Amino acid sequence: MLDFAIFAITFLLALVGAVLYLYPASRQASGIPGITPTEEKDGNLPDIVNSGSLHEFLVNLHERYGPVVSFWFGRRLVVSLGTVDVLKQHINPNKTLDPFETMLKSLLRYQSGGGSASENHMRKKLYENGVTNSLQSNFALLLKLSEELLDKWLSYPEHQHVPLSQHMLGFAMKSVTQMVMGSAFEDDQDVIRFQKNHGTVWSEIGKGYLDGSLDKSTTRKKQYEDALMQLESILKKIIKERKGRNFGQHIFIDSLVQGNLNDQQIVEDSMIFSLAGCIITAKLCTWAIYFLTTCEEVQKKLYEEINQVFGNGPITPEKVEKLRYCQHVLCETVRTAKLTPVSARLQDIEGKIDQFIIPRETLVLYALGVVLQDPNTWPSPYKFDPDRFDDELARKTFSSLGFLGTQECPELRFAYMVTTVLLSVLVKRLHLLSVEGQVIETKRITVSEDRQILDKTQ
């Protein structure tokens, strides 16, 4: 599973062609602490490679130089912000576009906006409402998929090992495809074909575009283009079927169709949600279950809340909203696992943070993985402790980072609901255990390798 940090690096590459930032004579970034380019052409890319990932590179850079640091990607100046305080100071008028969505659209060579500010805002609201409406209309489906997974696990012998990340990716694929595209994806074989094409596209937009290997390999490029074309063909077919007709099941595409977007805009937004929604949901489900297996007290407390809220009654949307401790478990999962370690924005106007000037058209990274484990903000940052979110200040800080409340991205909001329902079903009936003696090694993708972020639990 790809780490989102790779998209930030690749997005840098995509932006370099748009505006070149020439080295100043001193190669120092407007007085901002940091490192000078290691190589004339690649800037500090070799340093990122040697660190193992962009996240680890930023951790080391911020430890060495402080909360505001600079480095070079090619000939482009990059500024990274590594504490909550400096993130709050960052003034950037471009608040209408989601940075991850912008990165993903750029890598797919889609138009990120292309319209006026009001048009982009309208399109964003349609996208968000599409997520909300599909969740509300398909709650019973989500519950059914969760119960199917429970039945599958119950059918195993008591000490059967479960390949967790594999099962969670399959569960996420089923959830997203049916909520985005409807009953056309009830057949498992259709989901498997979608998953194969999804994996090809997701892998190449991370690795292939970054190192240039995709353009150098005719075979790989054709496989990527064929996979993307097949995904888009499916979406176009469903869009055509849904136009001007009423269905009992309201899906994500319906909200976009009813919003009078053109077919290409609907394809782009549906593709973004299908790609990102699957990965975010799978990662959140995987890590949440993993942490529950390693924290007996947390699992017990969650079990007690689930029993208290649902009792012997059904799981309903209204009752799910009352699972306060479960929300804290998921927030702590996002924080501890650093689900989104890096976000990126282009500086539209000259800005200032502390005494440092950030030039216009500088790429600004939000080093969220660094911020989420800053001991000044999060006491005992490496400890999995959902109770920390009992504190209103912790919740407000988390919200300001885009992980909670009105500022959370639609894909994460979707993942929160899907994971909450899944945990409600599983924890109510199962005692989740990690494999005895197994060592879980967290692997973040490097700029030269395509590896899973979480080893399968086997």
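Just so it is clear, the model here is predicted, and its values are computed rather than measured.
- Asp190 and Arg193 are joined by a salt bridge, as a carboxylate oxygen and a charged side-chain nitrogen come within less than 4.0 angstrom of each other.
- Residues Val298 and Pro386 are in side-chain contact: their nearest non-hydrogen atoms beyond the backbone lie under 4.5 Å apart.
- Atoms CG and CG, on Leu365 and Leu58 in that order, are 6.0 Å from each other to the nearest 0.5 Å.
- When atom types are taken as modelled, the side chain of Gln299 and the backbone of Leu432 share a donor-acceptor pair closer than 3.5 angstrom.
- Between Phe291 and Phe384, the ring planes are parallel. Angles under 30° get that label, and only those over 60° would be called perpendicular.
- Looking at heavy atoms from C-beta onward, Arg413 lies in side-chain contact with Thr132 at the 4.5 angstrom threshold.
- Of all non-hydrogen atoms in Cys278 and Ala172, the two that sit nearest each other are O-CB, 3.5 Å.
- Ion pair Lys125/Glu128 flagged as a salt bridge, since at least one NZ, NE, NH1 or NH2 atom sits closer than 4.0 Å to an Asp/Glu carboxylate oxygen.
- For Glu392, the CD atom sits in a loose shell: 12 or fewer heavy atoms of surrounding residues, nucleotides or ligands are nearer than 6.0 Å.
- Atom CG of Asn133 sits about 12.5 Å away from atom CE of Met179, to the nearest 0.5 Å.
- Between the side chain of Ser399 and the backbone N or O of Arg395 there is no donor-acceptor pair closer than 3.5 Å.
- In this structure a side-chain-to-backbone donor-acceptor pair under 3.5 Å is present from Asn60 to Glu56.
- Scanning both residues, Leu61 and Phe71, for their nearest heavy atoms gives CD2-CD2, 3.8 Å.
- Under the 4.5 Å side-chain criterion, counting only non-hydrogen atoms from C-beta, Tyr290 is not in contact with Thr286.
- Applying the side chain to side chain contact (heavy atoms under 4.5 Å, CB included) criterion to Phe247, with sequence neighbours excluded, gives Arg242, Arg245.
- With rounding to the nearest 0.5 Å, the separation of NZ in Lys88 from CD1 in Ile353 is 13.5 Å.
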Problem - side-chain hydrogen bond (donor to acceptor under 3.5 Å, both in side chains) between His198 and Ser274, intermediate numbers included - result: CA-CA 9 Å; His198 176 285; Ser274 298; over 6 Å; no

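- Heavy-atom neighbours of Glu225 CD from other residues, nucleotides or ligands within 6.0 Å: above the threshold of 12.
- In this structure the side chain of Met181 reaches within 4.5 angstrom of the side chain of Leu235, judged on heavy atoms.
- The nearest pair of heavy atoms linking Leu169 to Ala282 is CA-CB, 3.8 Å.
- Salt-bridge check for Glu332 with Arg335: passed, with a basic side-chain N closer than 4.0 Å to an acidic carboxylate O.
- Contact record, Leu302 with Leu292: CD2-CD1, 3.9 Å, taken as the closest heavy-atom pair.
- Screening Asp254, Val180, Ile253 against Ile238 for a side chain to side chain contact (heavy atoms under 4.5 Å, CB included) leaves a single residue, Ile253.
- A 4.5 Å side-chain heavy-atom check between Ile289 and Leu423 finds at least one atom pair inside the cut-off.
- Side-chain N or O atoms of Lys396 include none that pairs as donor or acceptor with a backbone N or O of Asp391 at under 3.5 Å.
- In terms of modelled atom types and a separation under 3.5 Å, the side chain of Thr177 and the main chain of Lys174 share a donor-acceptor contact.
- More than 12 non-hydrogen atoms from other residues, nucleotides or ligands lie less than 6.0 angstrom from OH of Tyr65.
- Ring geometry, Trp378 versus Phe398: the interplanar angle exceeds 60°, so the pair is classed perpendicular (tilted spans 30 to 60°).
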Practice task
Output, in order, the C-alpha distance, side-chain angles, deciding distance and verdict of side-chain contact (heavy atoms from CB on, under 4.5 Å) for Leu422 and Met168.
Solution key: CA-CA 10 Å; Leu422 179 63; Met168 291 303 98; 3.8 Å; yes

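- Glu148 has a carboxylate O that lies under 4.0 Å from a charged side-chain N of Lys144, or vice versa, which qualifies the two as a salt bridge.
- Here the OG atom belonging to Ser270 is positioned 10.5 Å from the CG atom belonging to Asp263, to the nearest 0.5 angstrom.
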Practice task
Any chance you could lay out the side-chain contact (heavy atoms from CB on, under 4.5 Å) test for Phe414 and Thr281, step after step, and finish with the verdict?
Solution key: CA-CA 8 Å; Phe414 178 88; Thr281 301; 3.5 Å; yes

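- Formation of a donor-acceptor pair under 3.5 Å by the Ser203 side chain with backbone atoms of Gly199 is not found in this model.
- Atom CG in Leu404 sits 11.0 Å away from atom OG1 in Thr397 (nearest 0.5 Å).
- Remark: the backbone N or O of Arg388 is not paired with any side-chain donor or acceptor of His328 at under 3.5 angstrom.
- With contacts defined as side-chain heavy-atom distances shorter than 4.5 Å, the pair Phe73/Leu363 does not qualify.
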Practice task
Please step through side-chain contact (heavy atoms from CB on, under 4.5 Å) for the pair Phe389 and Gln327, ending with a clear verdict.
Solution key: CA-CA 9 Å; Phe389 286 98; Gln327 182 190 67; over 6 Å; no

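- Residues Thr333 and Trp287 approach most closely at CG2-CB, 3.5 Å, considering heavy atoms.
- In this structure, Ser217 contributes its side chain and Arg220 its backbone to a donor-acceptor pair below 3.5 Å.
- The local environment of NZ in Lys428 is crowded, with over 12 non-hydrogen atoms from other residues, nucleotides or ligands closer than 6.0 Å.
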Exercise for the section: Would you check, one step at a time, whether the test side-chain hydrogen bond (donor to acceptor under 3.5 Å, both in side chains) holds for Tyr127 with Glu411? Expected result: CA-CA 10 Å; Tyr127 188 96; Glu411 295 85 3; 2.4 Å; yes

Handout entry: Worked check of side-chain contact (heavy atoms from CB on, under 4.5 Å) between Leu154 and Leu430
Key = CA-CA 8 Å; Leu154 285 172; Leu430 297 174; 3.5 Å; yes

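- Taking NE2 of His431 as the start and OG1 of Thr293 as the end, the distance is 9.5 Å to the nearest 0.5 Å.
- Taking both residues in full, the closest heavy atoms of Leu284 and Leu330 are given as CD1-O, 4.2 Å, listed atom of the first, atom of the second, then distance.
- Panel note: side chain Ser134, backbone Val131; a donor-acceptor pair is recorded below 3.5 Å.
- Leu323 has its side chain within reach of Ser424: a pair of non-hydrogen atoms, C-beta onward, lies under 4.5 Å apart.
- A donor-acceptor distance shorter than 3.5 angstrom exists from the side chain of Glu305 to the backbone of Cys326, with no hydrogens or angles considered.
- Looking at heavy atoms from C-beta onward, Glu268 lies in side-chain contact with Arg123 at the 4.5 angstrom threshold.
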